[in-house]
Amino acid sequence: MKKYKFKIRGLDCANCANELESALNKIGCIQNVVISFMMEKLTIECLEEDKEQAIEQIKKVIKKQEPDVTIEEV
């Protein structure tokens, strides 16, 4: 497993971050998701070969739940 970090922008509240984190943790190829609302940080753990698929799945979930939120890898 490898950790990947992203800047997450556009979340309105900590509750939104918690709900989004719960939804992202259901993605099969991702082992662990942590969203820090205050730090605007999204951290995921997945296999290196699953990274691109994980990012695509994350973007789909974000677009569905929080359309104004964007992520960028750091």
Quiz prompt | For Met39, the rest of its hydrophobic cluster, which grows through side-chain links under 4.5 angstrom | solution =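 Traced through the cluster, Met39 reaches no other member.
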Self-check item: Co-members of the apolar cluster containing Tyr4 [side chain, <4.5 Å]
Solution: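 Members other than Tyr4 - counting any ILVMFWY side chain reachable under 4.5 Å - are Phe6, Ile8, Leu11, Leu20, Leu24, Ile27, Ile30, Val33, Ile35, Phe37, Met38, Leu42, Ile44, Ile55, Ile58, Val61, Ile62, Val69, Ile71.
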Exercise. May I have all residue pairs that pass side-chain hydrogen bond (donor to acceptor under 3.5 Å, both in side chains) and include part of residues 7-35, sequence neighbours excluded?
Key: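 Listed once each, the pairs are Arg9-Glu72, Asn15-Glu19.
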Quiz prompt | side-chain hydrogen bond (donor to acceptor under 3.5 Å, both in side chains) pairs, two or more places apart, involving residues 37-61 | solution =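 Counting only pairs at least two positions apart or across chains, the side-chain hydrogen bond (donor to acceptor under 3.5 Å, both in side chains) contacts touching residues 37-61 are Lys51-Glu73.
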Exercise. Compare every heavy atom of Cys46 with every heavy atom of Ala54, then report the nearest pair and how far apart it is.
Key: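 Heavy-atom minimum between the residues: CB-SG, 4.2 Å.
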